[in-house]
Amino acid sequence: MSTRIGTVFGQELRQARRNLWVILATAVLGLFALALALFGAGQGSGLKVDVLTLTAVSLATLSVYLIPLIALLMSYDSISGEVERGSLALTFATPVRRWEVFVGKFLAQTVAVCVAILIAFGTVGSVIALLSETGQDGIFAWLRLMLTAGGLGAIFVGIGLMVSALTCRTARAAAAAVGVWLLLVVLYDVALLGAIMAAGEGIFATHVFPWLVIANPADAFRLYNLAMIDAAPVAGIDGLAQTLPFPPAAALAALGIWLVATIAIGSARTRRIVP
């Protein structure tokens with residue numbers, strides 16, 4: 001990391017530490033994880049799955065709604081807000097390169113999201129492991145969930161910053177962030193379910209549909225985690241995790257492509273901002 005990126009990173013991280021969204025995100029993720037753990041404690045014996053594994057399955061589905069929303073709310077005004085306040089013009093007047101500003105902000109916001117995930121999921125996972133019988137598979141499933149949840153958060157931080165750089169206005173960035181969340185997290189799956197019902201069995205269902213599912217970062221995250229847990233009780237699109245026509249690593253590759261693309265597009269757009 002260059003000194004200039006480190007300076008932007010440090011400044012942005014100090015601001016993130018005072019951001020109430022970080023505290024709220026930690027509390028919300030922790031409460032939902034704890035609630036799912038309590039529910040899993042009553043269901044685990046009937047399904048012959050340990051509580052930690054069952055909770056990881058539930059969180060893999062729930063996290064696709066919470067983590068993208070939290071990441072977008074943390075990052076959507078990071079650039080547009082500074083444009084409106086005039087502080088970005090002062091930053092650009094320094095020797096720092098514009099792409100370094102974007103990368104520094106991205107790293108700081110990603111760390112903030114990952115810290116919230118680590119504290120919330122780590123604390124609840126430790127409590128579950130202490131209070132119930134947990135096998136090696138459950139521990140690996142939980143660690144895998146935490147790592148990939150951090151990756152999902154990083155992607156949507158990148159999307160939020162990219163939207164912020166594209167709009168340069170806080171109100172527009174907020175509307176665009178909500179639109180992105182609705183499109184990728186809610187409407188995309190609804191459209192796919194409608195398409196698969198209309199197409200029925202055939203080439204689309206067996207060869208096209210699975211690739212369209214992992215083309216969405218939220219679905220790629222969810223399917224990867226569920227595919228790695230043999231005992232995952234799933235249905236609907238999530239049921240595809242048990243019959244993937246490609247290795248689960250393809251979902252990880254899709255997440256990596258999204259991460260690189262958002263950083264590249266956001267950095268390129270930041271170069272063209274006129275503060």
Side-chain angles (χ1 to χ4, degrees), residues 1-2 5 9 12 29 56 59-72 74-76 78 99-118 121 140-166 177 180-181 183-185 188-189 192 207-229 232 237-238 240-271:
M1 183 188 300
S2 71
I5 293 177
F9 170 82
E12 193 72 16
L29 288 173
L59 271 180
T61 300
L62 180 65
S63 294
V64 300
Y65 298 97
L66 288 179
I67 292 177
L69 182 61
I70 289 169
L72 289 169
M74 283 186 182
S75 59
Y76 79 91
S78 186
W99 70 267
E100 292 174 329
V101 172
F102 183 91
V103 172
K105 287 179 175 293
F106 167 79
L107 292 175
Q109 296 286 351
T110 297
V111 167
V113 173
C114 288
V115 167
I117 293 171
L118 178 63
F121 288 5
F140 285 157
W142 197 262
L143 292 176
R144 187 165 52 242
L145 173 69
M146 291 174 62
L147 289 173
T148 52
L152 181 66
I155 290 170
F156 277 88
V157 164
I159 293 175
L161 287 171
M162 180 179 67
V163 165
S164 191
L166 287 169
V180 167
W181 182 82
L183 176 63
L184 293 181
V185 176
Y188 190 89
D189 284 355
L192 282 184
H207 293 84
V208 179
F209 179 72
W211 291 102
L212 289 177
V213 172
I214 67 166
N216 183 338
D219 287 333
F221 158 81
R222 177 168 53 193
L223 288 182
Y224 172 75
N225 281 280
L226 296 180
M228 298 300 289
I229 302 175
I237 284 182
D238 291 349
L240 180 64
Q242 308 302 332
T243 58
L244 288 174
F246 42 75
L252 286 183
L255 292 175
I257 292 172
W258 268 94
L259 186 60
V260 172
T262 53
I263 295 174
I265 296 172
S267 298
R269 172 56 189 167
T270 304
R271 294 192 185 101

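In this chain, residues are counted from 1 in sequence order.
From L252, atom CG reaches atom CE of M228 across 8.5 Å, with rounding to the nearest 0.5 Å. Annotation: the span from F9 atom CZ to K105 atom NZ amounts to 13.0 Å, rounded to 0.5 Å. With values rounded to the nearest 0.5 angstrom, L69 atom CG is found 10.5 Å from M74 atom CE. The distance from the CG atom of D219 to the OH atom of Y188 is 7.0 Å, given to the nearest 0.5 Å.
Residues M146 and I117 come closest through the heavy atom pair O-CG2, 4.2 Å. Across F221 and S63, no two heavy atoms sit closer than the pair CE2-CB, 3.8 Å. In terms of heavy atoms, L255 sits closest to P217 at CD2-O, 3.3 Å. Annotation for S78 and E12: closest pair OG-OE2, 2.9 Å, computed over non-hydrogen atoms. Nearest approach of Y65 to V185, heavy atoms of both residues: CD2-CG1, 3.4 Å. In terms of heavy-atom proximity, W142 sits nearest to F121 at NE1-O, 2.9 Å.
The list of side-chain hydrogen bond (donor to acceptor under 3.5 Å, both in side chains) pairs with a residue in residues 245-268, not counting sequence neighbours, is empty. Sorted by first and then second residue, the salt bridge (Lys or Arg N to Asp or Glu O under 4.0 Å) pairs with a member in residues 255-266 form an empty list; sequence neighbours excluded. Judged as a side-chain hydrogen bond (donor to acceptor under 3.5 Å, both in side chains), the pairs with a partner in residues 151-165 (not counting sequence neighbours) are, in order, S80-S164.
Of the possible polar contacts, none joining the R222 side chain to the A60 backbone as a donor-acceptor pair under 3.5 Å is found.
With a 4.5 Å cut-off on side-chain heavy atoms, I5 and W99 count as touching. Residues F106 and I263 meet the side-chain proximity criterion, which asks for heavy atoms closer than 4.5 Å. A heavy-atom distance below 4.5 Å is not found between the side chains of L192 and N216. For the pair V163 and L72, the minimum side-chain heavy-atom distance is 4.5 Å or more.
The side-chain contact (heavy atoms from CB on, under 4.5 Å) test applied to L62 returns F32, L36, L59, L66, not counting sequence neighbours. Not counting sequence neighbours, the partners of I265 by the side-chain contact (heavy atoms from CB on, under 4.5 Å) test are M162.
A side-chain contact (heavy atoms from CB on, under 4.5 Å) with W211 is found for exactly one of V213, V208, I214, namely I214.
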Hey, can you pull the donor-acceptor pairs under 3.5 Å for the side chains in residues 148-159, sequence neighbours left out?
{"unit_1": "T148", "atom_1": "OG1", "unit_2": "R144", "atom_2": "O", "d": "2.8"}
{"unit_1": "T148", "atom_1": "OG1", "unit_2": "L145", "atom_2": "O", "d": "3.2"}
{"unit_1": "T148", "atom_1": "OG1", "unit_2": "N225", "atom_2": "OD1", "d": "3.4"}
{"unit_1": "T148", "atom_1": "OG1", "unit_2": "N225", "atom_2": "ND2", "d": "3.0"}

